[in-house]
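All remarks here apply to the structure that follows.
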Amino acid sequence: MTMQTTIAAPQAPVVPPRSRLRPLGQSEVRITGGFWGDRQAVNAAGTLVHIGSRLESEGWLPNFDLAVAGTLPEGRRGREFSDSEVYKYLEALAWEIGRTSDPALEERFRAVVARVAAAQEPDGYLNTMFGRPGQGARWSDLEWGHELYCLGHLFQAAVARARTRPGADDGLLEIARRAADLVCREFGPDGRDGICGHAEVEVGLAELARVTGEHRYLEQARLFIERHGRGTLRDIEWGRKYFQDDIPVRDAEVLRGHAVRANYLSAGATDVAVDTGDTGLLDALRRQWERTVARRTYVTGGQGSHHQDEAFGEDWELPADRAYSETCAGVGSIMFAWRLLLAGGDPRHADLIERTLYNVVATSPAPDGRSFFYANTLHQRVPGVPADPDATSPRASSSLRAPWFEVSCCPPNVARTLASLDAYLATSDDEGVQLHQYAPATVRTTLDDGRAIAFDVETDYPASGRIRVISRADAATGAPWTLALRVPSWAEGARLRVTPVAGPAEEREAKPGAVEVRRAFRAGDVVELELPMAPRLTAPDERIDAVRGCLVIERGPEVFALESADLGPAGVDDVADVALAPGTTPVERDGRIWIAVVPHGRSDAAWPYADAGGQPQEAASVDVPLVPYHEWAERGPSTMRVWIPAST
């Protein structure tokens with residue numbers, strides 16, 4: 001694999017020192033509007049304010065003040081991992097400050113860091129749940145205590161701050177370094193032979209090593225990765241696979257166990273594999289990703305089909321109505337896929353990122369950014385109950401979006417993802433720049449050899465499939481460079497057109513994968529990619545028993561859903577009472593996607609099974625509209641389904 005050495009660290013969450021592709025950070029790529037620009041604006045104005053308020057009112061941030069006052073454990077509120085939500089919030093603030101330079105956010109950031117810093121112990125230990133009189137001893141509950149998990153999020157917050165404001169005097173990076181030094185002393189080669197029950201410290205340590213140049217942090221991350229699969233954690237009712245402690249990482253064939261833990265561990269393992277040149281480990285992770293995507297991933301990109309343990313099911317175990325598809329698992333999947341994309345450049349990793357962004361990350365927050373889905377069902381059988389705006393909800397409710405959860409990992413995870421999203425759009429290599437996600441944006445960067453590249457992206461994607469890239473500068477000394485555009489796997493029939501300011505236009509087919517244009521670009525040259533956006537019917541693999549005989553409607557990267565609110569023309573009020581009409585084809589009109597459905601009619605029979613040879617009742621078909629899945633449940637309680645039975 002050809003590796004590239006990074007000259008200057010971009011303002012990005014993931015910056016491997018050597019990789020196939022170099023991420024372009026916030027100072028090089030800026031989303032300027034459109035679908036994702038709107039969501040970034042809501043994230044800044046709504047979500048970050050909401051999270052900050054809830055961290056205060058729920059007591060999770062005041063826990064640090066109690067630690068300073070010496071009054072813990074009395075008065076402590078929140079679960080054992082509540083510290084981590086404060087750190088994710090800090091990370092989100094850091095990326096948003098990097099994006100907007102908002103002075104009010106800067107003031108808030110520094111105030112929160114000061115409260116965290118005051119609670120750190122002289123040896124670097126930092127946790128509000130353990131280590132004081134009346135609390136459990138440090139590191140006494142590695143299965144469930146989440147101490148190392150919390151520190152992993154602290155490290156990621158410090159990395160975000162160091163990347164966006166190098167040399168800042170708030171002290172967060174020093175806090176992280178002291179804590180990381182303690183972890184290395186406690187869990188290094190001569191220390192405790194243990195791991196955390198919730199992977200996260202691995203990815204935090206690896207990225208902290210990249211920021212600080214401290215090799216010990218990378219080595220500690222490697223040790224944690226290698227210790228997984230030895231059975232060092234106590235066995236539990238769901239087995240050690242819940243913690244990914246059943247099989248060594250490099251020997252596994254597929255992601256398994258708790259879906260968030262599995263993805264975080266895989267992301268950290270990819271960092272370790274890339275930074276240590278461990279091609280065997282990297283190949284194993286690619287193999288696991290392949291099978292997980294092929295057999296254990298929902299059509300939305302969501303992952304995790306078990307509610308009880310928030311875990312992956314077995315191959316093909318993907319029930320729509322029991323889909324857990326935790327929002328945080330979607331974020332973790334993006335983290336894993338992005339690292340694999342940087343390592344190898346395979347556009348399929350960007351395909352999954354796009355699918356997950358539009359159908360998991362965008363689905364979780366409400367339009368005002370102040371309530372969220374924790375889990376993302378694909379079939380709501382019973383209309384949900386509106387959440388009390390002042391209450392804290394059980395974590396696994398997928399009824400309607402709720403403002404806060406007892407386990408509230410998802411809101412700050414969404415916040416940090418959206419705040420840093422600019423850094424997931426594009427990369428560069430020795431030959432040029434690659435666009436992986438599409439949004440209105442400006443791109444200004446310099447290749448390692450000094451070639452300056454400047455272009456704008458104009459698009460209303462996914463409303464339409466047209467992406468226009470306009471060069472804003474002449475190629476330095478007339479040297480050519482390569483612009484690569486991802487063509488999604490669903491985009492059969494895509495076309496590419498190059499219109500230079502001088503010379504004839506060129507047009508050609510753009511097959512799924514990536515299409516390249518190499519030229520000495522001049523200011524005003526236009527490269528236009530046209531993706532086919534007609535709605536399409538998608539069938540499941542027949543081995544997915546739960547949705548056999550059903551179809552889903554997609555358009556571009558978006559999955560669509562049928563909601564009971566739109567069934568008035570069919571004369572029914574429940575999505576269970578209709579099926580797709582025979583031979584129906586989805587059509588687009590009046591800005592919506594429409595399908596023809598056939599009402600089932602209701603039966604009062606005492607037995608829900610009948611002779612297979614019987615003649616089905618004929619009914620006239622009716623056209624009904626669909627909604628993008630990320631917009632479902634925005635009109636109040638409803639039933640909903642993504643997979644719709646097909647009439648025979």
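Hydrogens, waters and symmetry mates play no part in the numbers below; they use all other heavy atoms, side chains included.
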TODO: Starting at CD of Glu80, measure out to OG1 of Thr128 and round the result to the nearest 0.5 Å.
DONE: 10.5 Å

Task: Nearest-0.5 Å distance, CG of residue Leu182 to CZ of residue Arg138 - done: 6.0 Å

Task: Check: Asp271 and Glu207 side chains under 4.5 Å, non-hydrogen atoms - done: yes

Task: Atom pair CG (Asp83) and CD (Glu85), whose distance is rounded to the nearest 0.5 Å - done: 9.5 Å

TODO: Step by step, work out the side chain to side chain contact (heavy atoms under 4.5 Å, CB included) result for Gln135 and Asn127.
DONE: CA-CA 11 Å; Gln135 295 183 319; Asn127 192 278; over 6 Å; no

Open item on the list: Within the 4.5 Å heavy-atom criterion, are Tyr374 and Cys409 side-chain neighbours or not?
Closed with: yes

Open item on the list: Under 6.0 Å between ring centres: does that hold for Phe243 and Trp144?
Closed with: yes

Open item on the list: Under a 3.5 Å distance rule, please check whether Arg222 uses its side chain to pair with a backbone N or O of Val272 as donor and acceptor.
Closed with: no

Task: Sidechain-backbone polar pair: Thr327 side chain, Phe373 backbone, donor-acceptor under 3.5 Å - done: yes

Task: Between Ser364 and Asn376, a side-chain donor and acceptor under 3.5 Å - done: no

Open item on the list: According to ring pair (Phe, Tyr, Trp, His ring centres under 6.0 Å), does anything in residues 17-39 pair up with another residue at least two apart or in another chain? List the pairs.
Closed with: Phe35-Tyr358, Phe35-His630, Trp36-Tyr358

Task: Side-chain (Arg240) to main-chain (Ile236) donor-acceptor, under 3.5 angstrom - done: no

Task: Check: Arg110 and Glu106 side chains under 4.5 Å, non-hydrogen atoms - done: yes

- [ ] Look at the rings of Trp139 and Tyr125 and say which category their plane angle falls in: under 30° parallel, 30 to 60° tilted, over 60° perpendicular.
- [x] perpendicular

Open item on the list: Can you tell whether the side chains of Glu200 and Lys88 come within less than 4.0 Å, N to carboxylate O?
Closed with: no

Open item on the list: Using salt bridge (Lys or Arg N to Asp or Glu O under 4.0 Å), reason through Asp278 and Arg250 one step at a time and then give a plain yes or no.
Closed with: CA-CA 10 Å; Asp278 190 337; Arg250 64 180 68 245; 2.7 Å; yes

Task: Arg54 versus Tyr89, side-chain donor and acceptor atoms under 3.5 Å - done: no

Open item on the list: Nearest 0.5 angstrom please: Leu93 CG to Arg416 CZ, how far?
Closed with: 13.0 Å

Task: Ser82/Arg76 under side chain to side chain donor-acceptor pair (under 3.5 Å): CA gap, chis, key distance, verdict - done: CA-CA 10 Å; Ser82 63; Arg76 189 189 185 280; 3.1 Å; yes

Task: Any donor-acceptor N/O pair, Gln303 side chain to Ser333 backbone, under 3.5 Å - done: no

- [ ] Locate the shortest heavy-atom distance separating Ala67 from Arg132; write the atom from each residue and the value.
- [x] CB-NH2, 3.6 Å

Open item on the list: Given 3.5 Å as the limit, does a donor-acceptor pair link the side chain of Glu219 with the main chain of Gly188, or not?
Closed with: no

Open item on the list: Is it true that Tyr217 and Arg210 share a donor-acceptor pair across their side chains at a distance under 3.5 Å?
Closed with: no

Open item on the list: I'd like to check Leu421 versus Arg39 (side-chain heavy atoms, cut-off strictly below 4.5 Å). Are they in contact?
Closed with: no

Task: SB check Asp246 Arg256 (cutoff 4.0 Å) - done: yes

TODO: Answer yes when Asp283 and Arg286 have at least one side-chain N-carboxylate O distance shorter than 4.0 Å, and no when they do not.
DONE: yes

Open item on the list: Looking at Glu28 and Arg444, would you say the former's side chain and the latter's main chain have a donor-acceptor pair under 3.5 Å?
Closed with: no

Task: Shortest non-hydrogen contact between Val360 and Ser325, atoms and distance - done: CG2-OG, 4.4 Å

Open item on the list: Please find the pair of heavy atoms, one from Ala119 and one from Val68, that lie closest to each other, and give the distance.
Closed with: N-CG2, 3.6 Å

TODO: State, yes or no, whether a side-chain contact exists between Trp404 and Ile51 at a heavy-atom distance under 4.5 Å.
DONE: yes

Task: Any donor-acceptor N/O pair, Arg339 side chain to Met335 backbone, under 3.5 Å - done: yes

Task: Check ion pair Glu56-Arg115 (N to O, under 4.0 angstrom) - done: yes

TODO: Give the ring-plane orientation class for Trp338 versus His436, where under 30° counts as parallel, over 60° as perpendicular and anything between as tilted.
DONE: perpendicular

Task: Salt-bridge contact Asp193-Arg230 (side-chain N to carboxylate O under 4.0 Å) - done: yes

TODO: List the atom of Ala423, the atom of Pro13, and the distance in Å for their closest heavy-atom pair.
DONE: CB-CD, 3.7 Å

Open item on the list: Taking the side chain as everything from C-beta on, heavy atoms only, tell me whether Phe109 gets closer than 4.5 Å to Glu96.
Closed with: no

TODO: Write down the atom of Ala176, the atom of Ala158, and the distance for their closest heavy-atom approach.
DONE: CB-CB, 3.5 Å

Open item on the list: Could you check whether any side-chain N or O of Arg401 sits under 3.5 Å from a backbone N or O of Thr363, counting only pairs where one atom can act as donor and the other as acceptor?
Closed with: yes

TODO: Begin with the C-alpha distance, continue with both residues' side-chain angles, and end with the deciding distance and a verdict on side chain to side chain contact (heavy atoms under 4.5 Å, CB included) for Phe155 and Val211.
DONE: CA-CA 10 Å; Phe155 301 157; Val211 160; over 6 Å; no

Open item on the list: So Thr356 and Val331, do their side chains get closer than 4.5 Å, heavy atoms only?
Closed with: no

TODO: Look only at the side chain of Gln40 and the backbone of Asp38, and say whether a donor-acceptor pair between them is shorter than 3.5 Å.
DONE: no

Open item on the list: Distance check, rounded to the nearest 0.5 Å: Ile195 atom CD1 versus Leu142 atom CG?
Closed with: 8.5 Å

Open item on the list: Please tell me whether Gln11 and Asp422 have a donor and an acceptor in their side chains that are separated by less than 3.5 angstrom.
Closed with: no

TODO: Could I get the full list of side-chain hydrogen bond (donor to acceptor under 3.5 Å, both in side chains) partners for His198, not counting sequence neighbours?
DONE: none

Open item on the list: For a quick test of reading the model, state the closest non-hydrogen atom pair linking Gly197 to Leu233 and the distance between them.
Closed with: CA-CD1, 3.7 Å

TODO: Using a 4.5 Å cut-off on heavy atoms from C-beta on, say whether the side chain of Gln244 contacts that of Val249.
DONE: no

Task: Criterion side chain to side chain contact (heavy atoms under 4.5 Å, CB included) on Val86 and Val116, from CA distance to verdict - done: CA-CA 9 Å; Val86 174; Val116 170; 4.2 Å; yes

TODO: Check whether the ring centres of Tyr149 and His153 lie less than 6.0 Å apart, and answer yes or no.
DONE: yes

Task: Distance in Å, Arg177 CZ paired with Leu208 CG, rounded so as to fall on 0.5 Å steps - done: 7.0 Å

Task: Leu341 backbone acceptor or donor facing Asp346 side chain under 3.5 Å - done: no

TODO: Identify whether the distance between the nearest side-chain nitrogen and carboxylate oxygen of Asp141 and Arg234 falls below 4.0 Å.
DONE: yes

- [ ] Mind running side chain to side chain contact (heavy atoms under 4.5 Å, CB included) on Phe130 and Ser140 for me, showing each step along the way?
- [x] CA-CA 9 Å; Phe130 293 90; Ser140 59; 4.0 Å; yes

Task: Between Glu58 and Thr392, a side-chain donor and acceptor under 3.5 Å - done: yes

